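Scroll down for the structure; my scribbles are underneath it.
Below, each value reflects all heavy atoms present in this structure, side chains not excepted, and no hydrogens, waters or symmetry copies. Since the structure is predicted, the reported quantities are computational estimates derived from the model, not experimental observations. Lettering follows sequence order; numbering is per chain, from 1.
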There are 2 protein chains.
Amino acid sequence: MTDSTASRAMTRRAGIADVAALAGVSPGTVSKALNGRGSLREETRARVRAAADELGFSPSTVARSLLSGRTFTVGIITTDSYGRFSIPVMRGVEDSLGVGEMDAFLCDSRDDPIRERHHLRKLLDRQVDGIIVAGRRTDARRPLSDDLPVPVVYAFARSTDPQDCSVVSDERGAARLAIEHLVKTGRRRIAHITGPQSHASARERAAGAAEALAEFGLELAGDPLFGGWTEVWGRFAAAQLLRSVPDIDGVFCGNDVVARGVADGLRESGLNLPEQVGLVGTDNWAVLAEAARPPLTTVDLGLEEIGRRAGDLLLAAIDGNPAPGTHVVHGHLVVRES
Amino acid sequence: MTDSTASRAMTRRAGIADVAALAGVSPGTVSKALNGRGSLREETRARVRAAADELGFSPSTVARSLLSGRTFTVGIITTDSYGRFSIPVMRGVEDSLGVGEMDAFLCDSRDDPIRERHHLRKLLDRQVDGIIVAGRRTDARRPLSDDLPVPVVYAFARSTDPQDCSVVSDERGAARLAIEHLVKTGRRRIAHITGPQSHASARERAAGAAEALAEFGLELAGDPLFGGWTEVWGRFAAAQLLRSVPDIDGVFCGNDVVARGVADGLRESGLNLPEQVGLVGTDNWAVLAEAARPPLTTVDLGLEEIGRRAGDLLLAAIDGNPAPGTHVVHGHLVVRES
DNA sequence: GTGAAAGCGCTAACAT
DNA sequence: ATGTTAGCGCTTTCAC
């Protein structure tokens with residue numbers, strides 16, 4: 001009650017000087033008391049703390065930054081507009097940074113180099129302590145700039161410069177997980193349907209699938225079918241596949257969208273899943289995978305983990321312990337019913 | 001060439017003092033020259049600009065903030081982890097803020113009040129100029145706090161306090177657009193399948209649909225079917241609907257996920273879409289709507305526009321022109337083939 | 001037209 | 001144990 005009238009007029013943020021005045025000490029003493037530095041009588045500390053509490057004081061991050069040269073802030077540049085992939089990555093980054101009491105500036109470059117330079121400039125003007133670049137495709141991208149005053153970590157889309165610090169998913173390992181699952185559930189005639197050959201992820205997963213099959217003494221049933229990352233392509237490809245390789249009993253798909261199309265395509269051609277054909281997707285896009293018929297078994301690439309690792313590596317680099325090079329995060333299989 | 005060796009050693013950001021030294025003027029003059037203030041000889045301005053360019057100087061935002069009390073920074077608090085809804089909203093916000101040269105801090109409260117308070121505190125310590133709260137549901141939420149030193153705008157999820165500035169979608173209008181489309185394409189027996197009754201959006205859209213139908217002298221075919229926001233529910237509800245109201249020729253769905261399930265359910269019961277039954281969804285979630293069979297006609301709620309409006313309103317409020325109250329953004333119909 | 005000086009809010013070094 | 005001072009990088013008076 002007593003302060004409801006007072007707080008209604010809350011105009012100015014309390015500064016350290018206000019606390020000093022209220023506690024009857026000097027600003028320097030307040031600083032020491034609140035930061036646990038110097039040597040002060042416990043009674044003084046308590047008095048200062050009380051005064052600070054009463055005024056709702058907390059120190060200005062801006063002033064601190066000016067003094068320390070650090071802002072406890074990092075920039076996240078996403079190349080796409082926070083899509084399917086950058087979002088979990090960002091959540092992971094935030095997770096990691098939150099622990100270090102850092103905040104993140106969000107910048108969306110929309111795949112436009114001009115915009116990217118603009119954001120980079122703004123971030124440097126703001127003296128961010130570091131930068132994370134989150135891509136939406138696994139294809140390597142050219143580095144931000146070769147001479148930056150702060151550390152940079154590339155997440156999901158690696159930098160073309162192997163010296164840069166990048167965190168990527170284990171594409172071939174993901175394919176291996178899928179193939180292993182199919183083989184272990186008794187499939188022998190396994191086909192691969194995926195996205196555009198121009199995408200590194202499509203090429204890598206196809207190569208990984210072939211490798212893994214070879215280790216089981218098997219080979220892919222027919223050539224990998226490259227197309228688009230769409231359900232329409234998946235349905236179309238499923239029909240085509242049944243024409244060219246009618247005796248398949250397993251399909252590994254380059255992503256869940258395609259897998260879902262394939263599931264519908266196969267089912268509507270009269271095949272029972274998973275009895276007659278086993279199906280594994282990639283991405284673990286939950287809404288999609290759960291609604292598929294049957295619910296889709298798929299490889300989770302560990303995007304959040306990529307984000308967390310990227311955040312951790314950035315924090316380490318900021319603290320003077322850079323870990324250059326490419327760091328690989330392994331995914332895991334999410335078994336549903338397909 | 002000459003500077004490639006120099007830049008390799010780029011250690012310290014150039015400060016205004018460096019520029020001043022190089023241009024042979026005082027710091028004050030540099031400031032004036034670069035900001036177009038004061039009265040200086042054009043020759044001096046040019047010399048300063050040249051020096052600044054050469055050193056790659058740009059002023060420290062931190063120092064400026066300390067002086068001006070403004071940070072040209074806003075906080076975005078999303079209650080969910082940047083999901084389907086907050087993402088387009090955020091993109092809109094960024095669009096709007098970018099114009100004003102503001103940057104955004106991203107905070108994810110994960111629907112946890114504790115975490116929210118924590119983020120709020122951090123944002124205030126950083127002296128953000130304003131805050132946007134982006135929700136993932138249209139249900140009204142309690143305000144952040146009643147006595148904040150900076151303006152707040154609620155996006156998508158309005159504040160329970162009508163005095164607060166909120167930007168929301170026109171839920172009833174969205175339903176009206178859907179119904180109008182169905183009626184205009186000749187449907188007369190129109191049913192409604194939607195999400196949980198506990199969600200304001202489900203209730204509002206159902207009410208809007210009834211209203212709009214009434215204006216055409218029609219009424220809903222059967223009661224609205226409330227369930228979950230899932231495809232499984234959509235499929236189930238479609239079958240149920242055909243049992244209770246076999247002669248329907250149109251269905252409006254509370255969102256695209258449900259609509260997609262309904263499309264599959266109806267098609268698999270032997271109905272042709274859109275010939276026998278017209279279908280309209282809500283949300284315009286492109287991946288989903290485009291892959292539906294047939295591609296789904298749906299209402300776009302204008303989420304990006306909500307974000308932009310929220311950004312604009314926040315900027316205005318920061319400039320001293322607050323516009324309290326609830327601002328409504330109207331959606332539009334995206335006609336595909338259903 | 002330009003320079004010198006003060007100050008934004010804080011902390012670290014040095015006095016007392 | 002506490003107070004005083006200087007200074008982080010910039011802008012803004014106010015002298016000159």
5′-ward residue of the pair Gly24(B)/Val30(A) relative to DNA chain C: Gly24(B)

With no hydrogens and no angle check, is any side-chain donor or acceptor of Ser86(A) less than 3.5 Å from a backbone partner on Ala134(A)? no

Between Ser60(B) and Lys32(B), just flag the one whose closest nucleotide in DNA chain D comes earlier from the 5' side. Ser60(B)

Any base atoms under 4.0 Å from [X], or only sugar-phosphate, or nothing? Heavy atoms, all strands.
X	value
Val62(A)	nothing
Gly15(A)	sugar-phosphate
Thr44(A)	sugar-phosphate

Rounded to whole Å, please give me the gap between [atom1] in [X] and [atom2] in [N].
X	N	atom1	atom2	result
Leu40(B)	dT11(D)	CG	C1'	13 Å
Glu42(B)	dG1(C)	CD	P	12 Å
Leu34(A)	dC10(C)	CG	P	10 Å
Leu66(A)	dG9(D)	CG	C1'	6 Å
Ile16(A)	dT5(D)	CD1	P	17 Å
Phe72(A)	dC10(C)	CZ	P	16 Å
Arg37(A)	dA13(C)	CZ	P	10 Å
Arg41(B)	dG1(C)	CZ	C1'	7 Å

Of the nucleotides dT11(C), dT4(D), dC10(D), which has the atom closest to the Phe57(B) side chain? dC10(D)

Any side-chain N or O of Thr29(A) less than 4.0 Å from the OP1 or OP2 oxygen of dT2(D)? no

Does the side chain of Ser39(A) get closer than 4.0 angstrom to OP1 or OP2 of dA1(D) through an N or O atom? yes

Apply the side-chain contact (heavy atoms from CB on, under 4.5 Å) test between Arg309(B) and each candidate in Val328(B), Val167(B), Val89(B), Val153(B); give the one that qualifies. Val167(B)

Report the residue from Asp125(A), Thr61(A), Val62(A) that forms a side-chain contact (heavy atoms from CB on, under 4.5 Å) with Val62(B). Val62(A)

Quick check on salt bridge (charged side-chain N to carboxylate O under 4.0 Å, His left out): which of Glu42(A), Glu54(A), Glu43(A) does Arg49(A) satisfy it with? Glu42(A)

How about CZ on Arg117(B), more than 12 heavy atoms from neighbouring residues, nucleotides or ligands closer than 6.0 Å, or not? no

